[in-house]
Amino acid sequence: MNFNHLKYISYFLDNKKDFTIRFNKNNNLIIPSFGFIVSITPLIKINMNLKPVIDYVEKNNTIIIFNEIYILYLGGWFKDNKFYLDISIVENNREKAINIGKYCNQKAIYDIENKTTIYLH
């Protein structure tokens, strides 16, 4: 993780903005604009500061960078004054996204274009 990554993540934390991001090989920020966000890892609840985020990303760095099936994203969001992190994918097919979400025991997936949560149970 480099300074550029920290700058973006710090911005989201400081402004309490939800995010789903990744960085390409040139370290440019990528934010998905369509599809369905599906978490593939258990949620991690953390304090709202940068250190736990850095630790989480460094622990999962190999997963985030070297996945061959899907491009993986770091997701973070605020709910009830708590901050959550996960590793997620973006699937373009709604039904496939729902099935992946159920397989990964997720409560919901997120429709990026319509800005809506799709509950699975």
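No hydrogens, no waters, no symmetry mates; every other heavy atom, side chains included, goes into these values.
- Within the 3.5 Å criterion, the main-chain N or O of Leu74 finds no donor-acceptor partner in the side chain of Asp86.
- The aromatic rings of Tyr8 and Phe23 sit tilted relative to each other, their planes meeting at an angle between 30° and 60°.
- One distance of note links CZ of Phe83 with NZ of Lys16; it measures 11.0 Å at 0.5 Å rounding.
- Rounding to the nearest 0.5 Å gives a distance of 9.0 Å between CD1 of Ile31 and OG1 of Thr20.
- The closest donor-acceptor contact from the side chain of Asn24 to the backbone of Asn28 lies under 3.5 Å.
- When each of Ile37, Ile89, Thr117, Val38 is checked for a side-chain contact (heavy atoms from CB on, under 4.5 Å) with Ile109, only Val38 meets the rule.
- Using a 4.5 Å cut-off on side-chain heavy atoms (C-beta onward), Leu120 and Ile98 make contact.
- Here the closest non-hydrogen pair linking Phe19 and Leu85 is CZ-CD2, 4.2 Å.
- By the 30° and 60° cut-offs, the orientation of the rings of Tyr84 relative to Trp77 is parallel.
- Partners of Glu91 by side chain to side chain contact (heavy atoms under 4.5 Å, CB included), not counting sequence neighbours, listed by chain and number: Tyr70, Asn93, Lys96, Ala97, Ile100.
- Scanning all heavy atoms of the two residues, the minimum distance from Ile21 to Phe12 falls at CG2-CE1, 3.9 Å.
- Nearest heavy atoms, Ser39 versus Cys104: O-CB, 3.8 Å.
- Side-chain N or O atoms of Asp111 include one that pairs as donor or acceptor with a backbone N or O of Glu113 at under 3.5 Å.
- Here CD1 of Ile112 is found 8.5 Å from CG of Asn92. Values are rounded to the nearest 0.5 Å.
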**Message:** Apply side-chain contact (heavy atoms from CB on, under 4.5 Å) to residues Ile87 and Tyr73 and explain how you reach the verdict.
**Reply:** CA-CA 6 Å; Ile87 304 296; Tyr73 292 81; over 6 Å; no
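- Note: Leu72 CG to Arg22 CZ = 9.5 Å, rounded to the nearest 0.5 Å.
- Atoms CG and OH, on Leu13 and Tyr11 in that order, are 12.0 Å from each other to the nearest 0.5 Å.
- A side-chain donor-acceptor contact under 3.5 Å links His121 to the backbone of Gln106.
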**Request:** In sequence, state the C-alpha distance, the side-chain angles, and the governing distance for Tyr110 and Lys115, and then conclude on side-chain contact (heavy atoms from CB on, under 4.5 Å).
**Result:** CA-CA 7 Å; Tyr110 188 76; Lys115 297 180 171 64; 3.3 Å; yes
